[in-house]
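Not measured: the values here are computed from a predicted model. What's counted below: heavy atoms across the whole structure, side chains too, no hydrogens, waters or symmetry copies.
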Amino acid sequence: MTDPNIDMSRPSSARVWNYLLGGKDNYAVDRELGEALRSANPGIASVAQAQRRFLIQAVTLFAGEGGIRQFLDIGTGLPTADNTHEVAQRVAPDSRIVYVDNDPLVLVHARALLTSSSEGETAYIDSNVEDPERILSEAARTLDFSKPVALTMIGILGNVADYDEARSIVKRLLDAVPSGSYLAVSDGTSTSAQSVESQRVAKQNGHPYNLRTPEEIGGYFQDLELLEPGVVSTSLWRPQPGTEPEELDVYCAVGRKP
C-alpha cells in the first residue's frame, strides 16, 4: 500500500468498489466517495455484490458447460475471494487466465495474489481498456487466440466515455477470438433517478462513470448468440432457486460467438 505510484489523493474505481464490497484495500478518499455514492444510491453496495456473483457464475459456466480453458478478464479490480483464476481452475485446473487493469494498487496485489495452479497459468497486464490492441498483443504471450477465449468485462466499459468507442473496443476484442468464444459484460445503468444521481456524485468527485441504458448493454452483443435469460438486471441473471432478488441499476448478459 506504499507504492509511490499510488495516488492517495484521488479515488480509484478499484478501491471504491473494494470498499463497497467490505474490503480493506482502500484509502480515506475512496471511503468518502463510497459513502457519498451510497447516500445517492443506497443500493450501490448490492450492485457491487451482484456483479461479483455474476462474474463467479459466468466463469463457472464457461469453464464447465462451455469447456473454455482461456480467460481474458479486463477490469480485474482488487483481488478478493473467488477471483477468476480461482473459479476457473477449481473447475478446470489447466485454465489459463490473463488479468487486465491499470490501477497501481491492483498491480501490487496482482504480483502477490494472482497465482496459478501448477497445471494452468495466470498473467497480468497493466493496461487501459481503451487500448485493446495492446491488451491482445500482451495476452497472446499466455493465451492461444486460435482457441476459444472467455472475455469478462465487469464494471469496466462505463469508464469509456463514448458509447460508440466502447462498442468498438468490444468488437475489436471479439474479432480477435474464434468461434466458440464467450463475452460477459455487466455495467451500471441509468434505470433510476438514484443511479443517475450517483453518477453525478462520482463525476463531481473526480471519478466519472458513464451509465448506459439496458438497450446499450445489449448492443455489445451484436452478432453473438445470447444465453438465457438475455439482457437483464445483473441481480436477476440466473438467480439461485428459491430466491427473489431485487432488480438493480446494473445490467448484464452473456453471449457466445457463433
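Inter-residue side-chain proximity for Leu61 and Tyr182 is flagged as unmet; no heavy-atom pair is nearer than 4.5 Å. Counting only heavy atoms from C-beta outward, the side chains of Thr189 and Ile217 approach each other to under 4.5 Å. Residues Val129 and Val160 are in side-chain contact: their nearest non-hydrogen atoms beyond the backbone lie under 4.5 Å apart.
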**Request:** Step by step, work out the side-chain contact (heavy atoms from CB on, under 4.5 Å) result for Phe71 and Ser95.
**Result:** CA-CA 8 Å; Phe71 298 80; Ser95 296; 3.8 Å; yes

**Request:** Test Leu183 against Val254 for side-chain contact (heavy atoms from CB on, under 4.5 Å), laying out the working first.
**Result:** CA-CA 6 Å; Leu183 170 69; Val254 171; over 6 Å; no

**Message:** Does Arg238 form a side-chain contact (heavy atoms from CB on, under 4.5 Å) with Leu227? I'd like the steps, not just the answer.
**Reply:** CA-CA 10 Å; Arg238 302 192 179 188; Leu227 275 62; 4.0 Å; yes

**Message:** Run the side-chain contact (heavy atoms from CB on, under 4.5 Å) test on Gln51 and Val250 for me, step by step, so that the C-alpha distance in whole Å, both residues' side-chain angles and the decisive distance to 0.1 Å come before the verdict.
**Reply:** CA-CA 8 Å; Gln51 289 196 320; Val250 58; 3.3 Å; yes

**Request:** Start with the C-alpha gap between Thr84 and Asp73, add the side-chain angles, then the distance that decides, and say whether side-chain hydrogen bond (donor to acceptor under 3.5 Å, both in side chains) holds.
**Result:** CA-CA 7 Å; Thr84 296; Asp73 183 337; 2.6 Å; yes

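Between Ala184 and Ala58, the shortest heavy-atom distance links the atoms CB-CB, 4.2 Å. Minimum heavy-atom separation, Lys257 to Pro178: CD-O, 3.7 Å. When every heavy atom of Leu211 is checked against every heavy atom of Ser190, the shortest pair comes out as CB-N, 3.8 Å. Scanning both residues, Asp101 and Thr76, for their nearest heavy atoms gives OD2-N, 3.2 Å. In terms of heavy atoms, Thr191 sits closest to Leu248 at OG1-O, 4.5 Å. Closest approach of Ile135 to Ile125, counting heavy atoms only: O-CD1, 3.6 Å.
Atom CG of residue Leu105 and atom CG of residue Asn18 lie 8.0 Å apart, to the nearest 0.5 angstrom. For the atom pair CG of Leu20 and CG of Leu33, the computed distance is 8.5 Å after rounding to the nearest 0.5 Å. Here the CD atom belonging to Glu133 is positioned 10.0 Å from the OG atom belonging to Ser127, to the nearest 0.5 angstrom. Of the inter-residue distances, the one linking Arg15 atom CZ with Asp25 atom CG reads 10.0 Å to the nearest 0.5 angstrom. The NE2 atom of His85 lies 12.5 Å from the CD atom of Glu121; values are rounded to the nearest 0.5 Å. Rounding to the nearest 0.5 Å gives a distance of 11.5 Å between CZ of Arg256 and CZ of Phe62.
In this structure, a donor-acceptor pair under 3.5 Å is present between the side chains of Asp249 and Ser192. For the residue pair Ser116 and Gln89, a side-chain donor N or O sits within less than 3.5 Å of a side-chain acceptor on the partner. Inspection of the Glu35 and Tyr19 side chains reveals an N or O donor paired with an N or O acceptor under 3.5 Å. Counting only N and O atoms by type, the side chains of Asn102 and Asp126 include no donor and acceptor under 3.5 Å apart.
With Ser186 contributing its side chain and Cys252 its backbone, the two residues share no donor-acceptor pair below 3.5 Å. A donor-acceptor contact shorter than 3.5 Å links the side chain of Ser12 to the backbone of Ala14. Side chain of Ser235 to backbone of Glu246: a donor-acceptor contact under 3.5 angstrom is found. Judged by distance alone, the side chain of Glu86 and the main-chain N or O of Asn83 form a donor-acceptor pair under 3.5 Å. For the pair Arg167 (side chain) and Gly219 (backbone), a donor-acceptor distance under 3.5 Å is present. Put simply, the side chain of Asn128 gets close to the backbone of Glu130: a donor and an acceptor are under 3.5 Å apart. Checking side-chain atoms of Ser233 against main-chain N and O of Leu236 turns up no donor-acceptor pair under 3.5 Å. Checked by atom type and distance alone, the side chain of Gln70 never pairs as donor or acceptor with a backbone atom of Ala150 at under 3.5 Å. Here the side chain of Ser168 pairs no donor or acceptor atom with the backbone of Asp164 at under 3.5 angstrom.
Placement of Val59 and Leu78 within a single hydrophobic cluster is found when ILVMFWY residues are connected by side-chain heavy-atom separations under 4.5 Å, directly or transitively. Linking ILVMFWY residues whenever their side-chain heavy atoms come closer than 4.5 Å, directly or via other members, places Leu173 and Val98 in the same cluster. Cluster membership check: Leu37 does not share its hydrophobic cluster with Tyr27, using side-chain heavy-atom separations under 4.5 Å among Ile, Leu, Val, Met, Phe, Trp and Tyr. Phe54 and Leu21 fall into different hydrophobic clusters, defined by Ile, Leu, Val, Met, Phe, Trp and Tyr side-chain heavy atoms under 4.5 Å apart, directly or through other members. Following chains of ILVMFWY side-chain contacts shorter than 4.5 Å, one can reach Leu151 starting from Leu224, so the two form part of one hydrophobic cluster.
Within 6.0 Å of the CZ atom in Arg10, the count of heavy atoms belonging to other residues, nucleotides or ligands does not exceed 12.
Considering Val47, Asn26, Asp30 as possible partners of Trp17, the one that fulfils the side-chain contact (heavy atoms from CB on, under 4.5 Å) test is Val47.
Taking the charged nitrogens against the carboxylate oxygens, Arg212 and Asp187 have no contact shorter than 4.0 Å, which rules out a salt bridge. Salt-bridge annotation for Asp144 and Arg96: absent, with no side-chain N of the basic residue lying under 4.0 Å from a carboxylate O of the acidic one.
Taking the centre of each ring, Tyr163 and Tyr220 come in below the 6.0 Å mark. Checked against the 6.0 Å centroid criterion, the rings of Tyr124 and Tyr99 do not qualify as a close aromatic pair.
The salt bridge (charged side-chain N to carboxylate O under 4.0 Å, His left out) contacts involving residues 45-61 comprise nothing, where partners must be two or more places apart or lie in separate chains.
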